[in-house]
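Here the structure comes first, spelled out in structure tokens, and everything after it is commentary.
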There are 2 protein chains.
Amino acid sequence: MGTGLTRREREKRRQRGDMLAAALELFSEKGYHHVSMKAIAKRAEFALGTVYRFFSNKEDLYKAAMREKAGEYHRTLTDALSGEQDVLAALNGYISAKAKIFAPNAEVFYLYFAETGGISFNLRAGLHKEIGQLHDDLIERLASVMGKGVRARILRDLDPHDMAVALEGLTNAFLLSWLKNPERHPYDESISTISKLFLEGSLAG
Amino acid sequence: MGTGLTRREREKRRQRGDMLAAALELFSEKGYHHVSMKAIAKRAEFALGTVYRFFSNKEDLYKAAMREKAGEYHRTLTDALSGEQDVLAALNGYISAKAKIFAPNAEVFYLYFAETGGISFNLRAGLHKEIGQLHDDLIERLASVMGKGVRARILRDLDPHDMAVALEGLTNAFLLSWLKNPERHPYDESISTISKLFLEGSLAG
DNA sequence: CTTCTATATTGTGACGTTGTGTTCTACTTC
DNA sequence: GAAGTAGAACACAACGTCACAATATAGAAG
């Protein structure tokens with residue numbers, strides 16, 4: 001068997017995954033506190049007790065679900081940044097990868113965004129730190145690409161970290177704006193707008 | 001009497017204000033659902049019933065508090081944009097006004113973002129729409145300044161609305177980053193970084 | 001002008017109700 | 001018969017009510 005797991009173990013993984021998916025759906029629809037464990041169990045088509053067999057409590061379930069998504073998000077974007085490509089291609093790749101992962105996960109992304117913030121809602125503090133680190137890591141990788149661009153004299157000689165933060169902010173703003181009003185800002189158009197604004201700025205030359 | 005209010009009325013306003021302040025403090029410390037009405041009453045030094053005399057329920061109190069802050073925020077920034085000033089001065093004024101209002105209210109912004117989760121958490125939908133409109137209005141005003149800049153050939157001939165969104169995103173990103181790590185990014189430095197990046201972009205000239 | 005009492009207004013916090021997280025035991029399936 | 005599943009039952013926390021207490025106001029009497 002390819003995976004090295006018994007049938008039973010695979011089964012459990014699948015069940016766990018179903019529960020996580022159901023939970024994530026509900027959480028992003030209604031927010032953590034407006035979702036009951038019963039509702040999650042029902043959505044996942046398990047009995048309440050079964051859910052508790054997999055996750056020791058609601059908090060735990062929430063964390064696992066968020067961690068999963070955060071990991072997926074982080075993986076997608078670091079993948080987009082790695083590889084032997086020239087700097088501008090890497091940046092464009094990053095922007096479009098972000099758009100691509102953002103679109104289907106917009107609602108979860110909100111939760112993620114809320115979590116990346118600085119505040120310590122005492123619960124979840126551990127998770128918060130964890131996700132924050134992923135975010136920092138991403139910024140760092142982005143900054144390293146920027147640094148490469150600076151050394152190659154493709155980018156202006158500014159603090160790479162600042163540039164990374166700037167690009168992050170630009171993409172977020174456009175993606176949120178796209179989310180609010182999809183017709184006005186079709187997202188492939190947004191990609192080139194972001195890239196142009198980031199690279200050339202707004203000042204008349 | 002200057003205000004045209006009776007002493008009693010002024011007194012009530014003050015009490016209401018105290019309650020709102022206490023609520024906002026607690027909400028942004030712990031998040032909406034982790035704060036009980038009892039706790040708010042205690043912090044404001046009133047009995048529970050008295051709070052209910054002013055606000056018909058917890059939701060109402062939350063909304064009032066958020067509305068208050070949103071109004072203040074919006075007013076500050078529109079003020080910064082209005083007035084007879086040249087475009088670049090207006091933009092710089094906007095950025096620093098935003099930094100100024102952002103700093104002491106960061107936790108409240110997080111709260112709003114985290115709690116509303118953006119999308120339709122059915123409760124609070126009304127409030128969310130309301131605040132969304134304020135935001136749209138702000139973007140529009142910013143876009144109008146950008147448009148003026150374009151016509152004056154100070155800014156590149158791009159969609160003013162896009163430029164507004166871009167500036168909004170840049171400032172948010174830097175302010176969040178500053179909040180996370182105040183030493184690394186003192187905010188007056190950030191202001192000039194934002195302005196430079198926005199105007200000139202990152203591409204080596 | 002002050003004092004005193006009747007009335008109206010405002011403040012209080014114990015309590016009933018409801019909803020939800022978690023546990024526990026009986027049942028099903030393999 | 002062992003492992004897994006189910007959902008009823010329990011405990012608890014928080015909202016919002018309400019009957020009562022305290023306080024303020026008004027205006028009559030001294």
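Proteins get letters first, then strands, A, B, ... in listed order; numbering begins at 1 in each. Excluded from the calculations below are hydrogen atoms, water molecules and symmetry mates; all remaining heavy atoms, backbone and side chain alike, are included.
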[X], nearest nucleotide to its side chain (from [options]):
X	options	result
Leu48(B)	dA6(D), dT23(C), dG13(C)	dG13(C)
Met37(A)	dG21(C), dT12(C), dC15(D)	dG21(C)
Thr50(A)	dT5(D), dC15(D), dG21(C)	dT5(D)
Ser36(A)	dG11(C), dT20(C), dT22(C)	dT20(C)
Ala47(B)	dT22(C), dA6(D), dG13(C)	dG13(C)

5'-most contact on DNA chain C: Glu45(B) or Lys58(A), nearest heavy atom basis? Glu45(B)

Most 5' of Arg53(A) and Lys38(A) on DNA chain C, judged by nearest nucleotide: Lys38(A)

[atom1] of [X] versus [atom2] of [N]: gap in Å, rounded?
X	N	atom1	atom2	value
Asn57(A)	dC12(D)	CG	C1'	16 Å
Phe54(A)	dT22(C)	CZ	P	17 Å
Tyr32(A)	dT20(C)	OH	C1'	11 Å
Leu26(B)	dC15(D)	CG	P	12 Å
Arg16(A)	dG4(D)	CZ	C1'	17 Å
His34(B)	dC12(D)	NE2	P	20 Å
Met19(A)	dG4(D)	CE	P	12 Å
Ile40(B)	dG16(D)	CD1	P	11 Å

If you measure from the Lys or Arg side-chain nitrogens to the Asp or Glu carboxylate oxygens, is any gap between Arg75(A) and Glu72(A) under 4.0 Å? no

Closest heavy-atom pair, Arg156(A) versus Gly201(B), reported as atoms and distance to 0.1 Å, is NE-O, 3.0 Å

Charged tip of Lys12(B) within 45° of Phe54(B) ring normal and under 6.0 Å: yes

Students often mix this up, so state it plainly: with edges at 30° and 60°, are the rings of His33(A) and His33(B) parallel, tilted or perpendicular? parallel

Would you say the side chain of Phe198(A) lies within less than 4.5 Å of the side chain of Leu91(A), judging by non-hydrogen atoms? yes

Below the 4.0 Å mark, does dG11(C) have OP1 or OP2 next to a side-chain nitrogen or oxygen of Gln15(B)? yes

Val51(B) near the nucleic acid: base, sugar-phosphate alone, or nothing, with a heavy-atom cut-off under 4.0 Å? nothing

